[in-house]
**Q** 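This is the structure, below, for whatever I ask next.
Within every chain, numbering begins at 1; the chains are lettered A, B, ... in the order of the sequence lines, protein sequences first and strands thereafter.
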4 protein chains.
Amino acid sequence: MSIHTPRGDTRARILDVALELFSEQGYEKTSLREIADRLGVTKAALYYHFKTKDDIVRGIVESMSAPIDEAIAWGRERPWSPELRDELVRRFADGMTARSGLLRFFHENQPAVRELNAGALFKERMIAMVQLIQGPESSYQDRVRAVVALLTINAGLFMLQEEPEGHQCPAADRQAAALEVALEIVQRITPEATDGKDAATEV
Amino acid sequence: MSIHTPRGDTRARILDVALELFSEQGYEKTSLREIADRLGVTKAALYYHFKTKDDIVRGIVESMSAPIDEAIAWGRERPWSPELRDELVRRFADGMTARSGLLRFFHENQPAVRELNAGALFKERMIAMVQLIQGPESSYQDRVRAVVALLTINAGLFMLQEEPEGHQCPAADRQAAALEVALEIVQRITPEATDGKDAATEV
Amino acid sequence: MSIHTPRGDTRARILDVALELFSEQGYEKTSLREIADRLGVTKAALYYHFKTKDDIVRGIVESMSAPIDEAIAWGRERPWSPELRDELVRRFADGMTARSGLLRFFHENQPAVRELNAGALFKERMIAMVQLIQGPESSYQDRVRAVVALLTINAGLFMLQEEPEGHQCPAADRQAAALEVALEIVQRITPEATDGKDAATEV
Amino acid sequence: MSIHTPRGDTRARILDVALELFSEQGYEKTSLREIADRLGVTKAALYYHFKTKDDIVRGIVESMSAPIDEAIAWGRERPWSPELRDELVRRFADGMTARSGLLRFFHENQPAVRELNAGALFKERMIAMVQLIQGPESSYQDRVRAVVALLTINAGLFMLQEEPEGHQCPAADRQAAALEVALEIVQRITPEATDGKDAATEV
DNA sequence: CATGAATGAGTCTTCATTCAT
DNA sequence: GATGAATGAAGACTCATTCAT
């Protein structure tokens with residue numbers, strides 16, 4: 001169920017296949033030949049549509065930024081409140097669920113992403129999101145909470161997958177559980193209780 | 001402050017330099033020439049000590065098992081209790097702080113790690129750790145909490161590094177904040193309260 | 001001040017831009033994409049006007065034959081004399097000054113020109129010119145003098161350009177100086193004095 | 001009769017074969033595969049000895065600079081005089097005769113040489129040579145004469161080769177003729193007669 | 001007249017690996 | 001313990017060229 005591929009549109013198919021392979025095998029290990037082969041075209045065809053290999057990544061990021069951008073725009077128009085905070089987490093989770101491939105790619109290919117300058121696009125968005133969630137006048141601990149909450153969403157999407165024994169769990173359940181834990185984490189974020197240490201021990 | 005290099009022996013120096021470069025630039029992007037150059041030896045010398053590049057990774061992993069193994073052994077001898085749970089998180093944090101390079105490498109090079117089956121060794125330990133922390137008869141949510149808590153420790157070690165504006169923060173503070181948030185997260189884990197949803201709203 | 005481009009017609013503009021780039025960057029290093037880009041058309045458009053890249057070169061050569069051909073025709077109608085000799089050198093200089101781009105291209109891209117057999121056309125003309133200048137019954141030295149005289153004209157056009165220190169010199173002066181040195185050189189050519197050695201020392 | 005190849009020394013053999021191919025087919029048209037094939041080694045072997053393709057050119061230039069450097073050093077120790085001037089031309093001719101391959105390469109591959117920054121090494125030497133020959137307080141015309149004299153030497157080495165009809169001429173004779181014409185040209189260079197225009201018309 | 005899409009052959013370069021010494 | 005020399009496989013990228021529209 002790819003996001004791109006609206007039609008026979010080669011460019012979109014490239015993005016699709018590339019993301020698939022990048023997130024499975026990693027950016028470095030995925031060669032343009034592989035992408036081309038799987039699409040039934042030549043490497044040179046990829047270069048007709050994208051100037052370089054990392055331009056493909058840029059293409060993927062751009063083609064997927066819409067939902068996060070919306071969540072950010074939506075959040076910026078409203079004053080911070082616990083409800084806003086939770087809703088942002090939920091919207092993030094929704095947006096990411098459909099984009100888990102991209103997310104996984106970003107998480108698991110940090111070294112490549114760091115120097116890909118396509119990474120910057122994505123990181124900006126994450127930072128904006130974190131800031132909206134933590135709200136104004138919050139402590140560093142609150143920032144950590146916000147970051148970890150988003151991380152938790154991600155964990156639900158792909159890090160909890162490979163479980164042993166009887167802990168196997170359908171994807172939907174995993175994601176639901178992750179969302180709840182994420183909400184649980186951000187719950188501690190409150191404009192008043194700025195001192196994280198107290199918050200951590202007061203219960 | 002390298003972990004290896006107890007004596008001047010080359011093998012250990014290779015592991016040291018390799019880990020450093022792997023965690024900075026990624027496994028794929030780090031060539032044996034680079035490692036050799038930084039050590040002032042030839043590529044061929046590396047092959048005297050390690051059969052393949054993968055083998056270097058395996059060497060690194062083995063060299064770091066000790067501290068987690070100890071924490072696991074320590075935990076297994078004791079019955080679960082909130083105090084044990086917290087202590088395990090703290091020990092994990094301590095162990096990881098000293099090995100943050102390896103940790104970062106593992107987190108950021110999943111694709112390489114996955115196919116290197118060197119990851120298996122490490123993953124087993126992580127799973128064991130998670131299990132000890134979540135305790136017996138716990139819910140899936142508890143599992144998520146345990147996983148995320150360890151993730152939080154890691155976040156404190158290297159994911160919160162690149163911050164914008166005035167949010168820059170010394171490493172020690174970051175790690176302390178992360179530890180507290182991690183403890184906060186596992187706090188919800190209680191053998192009795194198996195239903196995550198209630199737990200999330202009851203405070 | 002392009003040679004081609006009499007009307008807005010594309011074919012001529014292609015020749016113009018191609019010559020410019022060929023003489024700046026060399027034949028091999030200039031891609032059709034570059035030519036097309038600078039013209040604001042697509043590569044495929046070039047193929048409407050020229051069958052191959054080589055064909056563009058051939059087009060350029062043909063478009064420049066006229067002035068030398070005229071000088072040659074003019075020279076053939078007259079009996080050799082020192083005045084004719086000098087006048088041929090002057091006419092050559094005039095003709096080349098207007099085509100210095102092409103000349104430079106020919107001089108600096110010999111390997112490409114050689115295998116393009118487009119060079120043949122040009123070389124024939126040069127040989128004819130040399131022969132007219134050296135006149136009948138002349139020595140091999142005279143031939144060398146004739147060749148070097150033409151070479152000197154060319155040197156004035158583009159080889160003396162990159163000078164250090166205060167030797168920088170406006171193009172017009174460079175060309176004037178070159179012309180005079182060229183005339184100086186051919187002055188030694190005289191049907192009678194066939195022995196170069198004597199000629200070289202008799203002054 | 002290659003200059004390198006003192007023994008089975010691969011590095012030297014590479015320089016040899018490379019220069020041969022570069023001067024025959026041009027720098028751009030000569031692929032590393034060709035060089036490697038003709039040597040019976042792999043492309044990768046070339047990269048063991050040279051970091052890049054243009055590093056090979058640098059290697060060639062360096063390996064051939066000795067004779068010109070000697071001529072320059074010799075000339076710098078002496079005050080200018082017509083005899084010095086002529087002797088420099090002769091020494092240049094001698095040095096170049098043995099290096100005609102390199103010379104041809106430089107002449108015919110200007111576009112490549114220009115951006116190869118290996119060209120700088122060579123050009124510096126040529127400029128120094130020109131300066132020594134033209135002597136102090138000389139006119140711009142004198143400079144042109146000096147440049148053209150060296151050019152004449154080069155012409156004798158490879159530009160007069162492809163002659164039609166009965167003008168074919170053994171290499172040694174060609175070079176001898178060229179040397180004499182070159183000497184003839186520099187003869188006009190005299191510290192006193194600084195005004196080139198007079199010189200050109202006074203005869 | 002011209003373009004958009006694609007190809008096939010080839011380029012330089014890098015890398016992990018090997019082996020005789 | 002280590003080096004110097006070399007290899008084979010592969011990688012990203014470029015280019016001239018083609019052709020249906």
**Q** Mind calculating the distance between CG (D:Leu116) and P (E:dC12) to the nearest angstrom?
**A**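 Checked: the CG to P distance equals 12 Å.
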**Q** Compare all side-chain heavy atoms of C:Arg58 with those of C:Val61 and state whether any distance is below 4.5 angstrom.
**A**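 Side-chain contact under 4.5 Å: no.
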**Q** Would you mind reading off the distance between A:Leu21 atom CG and F:dA12 atom P, rounded to a whole angstrom?
**A**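 It is 12 Å, rounded to the nearest whole Å.
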**Q** Does the side chain of C:Lys29 come within less than 4.5 Å of D:Glu28's, by heavy atoms?
**A**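 A side-chain contact under 4.5 Å exists here.
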**Q** Would you check if C:Tyr27 and C:Asp54 make a side-chain contact, meaning some heavy-atom pair closer than 4.5 Å?
**A**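 Yes, close enough: below the 4.5 Å cut-off.
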**Q** Can you tell me if D:Tyr48 touches the phosphate of F:dA5, counting only side-chain N or O atoms and a distance under 4.0 Å to OP1 or OP2?
**A**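 Checking F:dA5 against D:Tyr48, a side-chain N or O does come within under 4.0 Å of OP1 or OP2.
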**Q** Closer than 4.0 Å, any side-chain N/O of D:Ser31 to the OP1 or OP2 of E:dT11?
**A**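 Answer is yes, contact under 4.0 Å.
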**Q** For D:Pro111 and C:Glu108, work out which heavy atoms get closest and say how close.
**A**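 Answer, listing the atom of D:Pro111 first, then C:Glu108: CD-O, 3.0 Å.
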**Q** Can you measure B:Glu34 atom CD to E:dT13 atom P for me and round it to whole angstrom units?
**A**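 Result: 18 Å.
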**Q** How long is the line joining CG of B:Asp37 and P of E:dC15, in whole Å?
**A**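 Computing the B:Asp37:CG to E:dC15:P distance gives 11 Å.
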**Q** Given D:Thr30, which of D:Leu21, D:Val17, D:Leu19 fulfils the side-chain contact (heavy atoms from CB on, under 4.5 Å) condition?
**A**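 Going through the options one by one, the only one that passes is D:Leu21.
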**Q** Can you tell me if B:His49 touches the phosphate of F:dA2, counting only side-chain N or O atoms and a distance under 4.0 Å to OP1 or OP2?
**A**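 So the side chain of B:His49 is within the cut-off, an N or O lying under 4.0 Å from OP1 or OP2 of F:dA2.
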**Q** Between A:Glu62 and A:Gly59, is there a donor-acceptor pair closer than 3.5 Å when you use the side chain of the first and the backbone of the second?
**A**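 The answer is no, because no donor-acceptor pair under 3.5 Å joins these two groups.
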**Q** Please list each protein N or O that sits under 3.5 Å from an N or O in nucleotides 17-21 of chain F, with the distance.
**A**
residue	atom	partner	partner atom	Å
F:dT17	OP2	C:Tyr47	OH	2.9
F:dT17	OP2	C:Lys53	N	2.8
F:dT17	O5'	C:Tyr47	OH	3.2
F:dT17	O4	C:Lys43	NZ	3.2

**Q** Once you round it to whole Å, what is the distance between P of E:dG4 and CG of C:Leu46?
**A**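 After rounding, the gap between these two atoms is 13 Å.
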**Q** Would you indicate whether the side-chain heavy atoms of A:Leu39 and A:Thr10 approach each other to under 4.5 Å?
**A**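 No, their side chains stay 4.5 Å or more apart.
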**Q** Please give the distance between the P atoms of F:dT21 and E:dC1 as a whole number of Å.
**A**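 These two P atoms come out 22 Å apart once rounded.
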**Q** Minimum heavy-atom separation for C:Arg38 and C:Glu24, please, with both atom names.
**A**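 Result for this residue pair: NH2-OE1, 4.4 Å.
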**Q** Mind calculating the distance between CG (A:Asp55) and P (F:dA12) to the nearest angstrom?
**A**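 Rounded to whole Å, this separation is 14 Å.
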**Q** Any side-chain heavy atom of D:Asn109 sitting closer than 4.5 Å to one from D:Leu116?
**A**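 SC-SC contact between D:Asn109 and D:Leu116 ruled out.
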**Q** According to a 3.5 Å limit on both distances, what stems of 3 or more consecutive Watson-Crick or G-U pairs are formed with DNA chain F?
**A**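 Stem list for DNA chain F: E:2-21 with F:2-21.
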**Q** Is any side-chain nitrogen or oxygen of B:Thr10 closer than 4.0 Å to OP1 or OP2 of F:dA2?
**A**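 Answer is yes, contact under 4.0 Å.
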**Q** Between F:dT7, E:dA2, E:dT7, which one does the side chain of D:Thr42 approach most closely?
**A**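 The nucleotide sitting nearest to the side chain is F:dT7.
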**Q** Please state whether the rings of D:Phe122 and D:Phe106 are parallel, tilted or perpendicular, taking 30° and 60° as the class boundaries.
**A**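 Ring orientation of D:Phe122 relative to D:Phe106: parallel.
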**Q** Quick check on DNA chain F: between D:Gly40 and A:Glu28, whose nearest nucleotide comes earlier from the 5' end?
**A**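 Residue closer to the 5' terminus by nearest nucleotide: D:Gly40.
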**Q** Under 4.0 Å: is that the gap between some side-chain N or O of A:Arg33 and OP1 or OP2 of F:dG11?
**A**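 Checking F:dG11 against A:Arg33, a side-chain N or O does come within under 4.0 Å of OP1 or OP2.
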**Q** Rounding to an integer number of Å, can you tell me how far C:Phe50 CZ sits from F:dC15 P?
**A**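 From C:Phe50 CZ to F:dC15 P: 20 Å.
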**Q** In whole angstrom, what separates C:Gln25's CD from F:dC15's C1'?
**A**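 Checked: the CD to C1' distance equals 14 Å.
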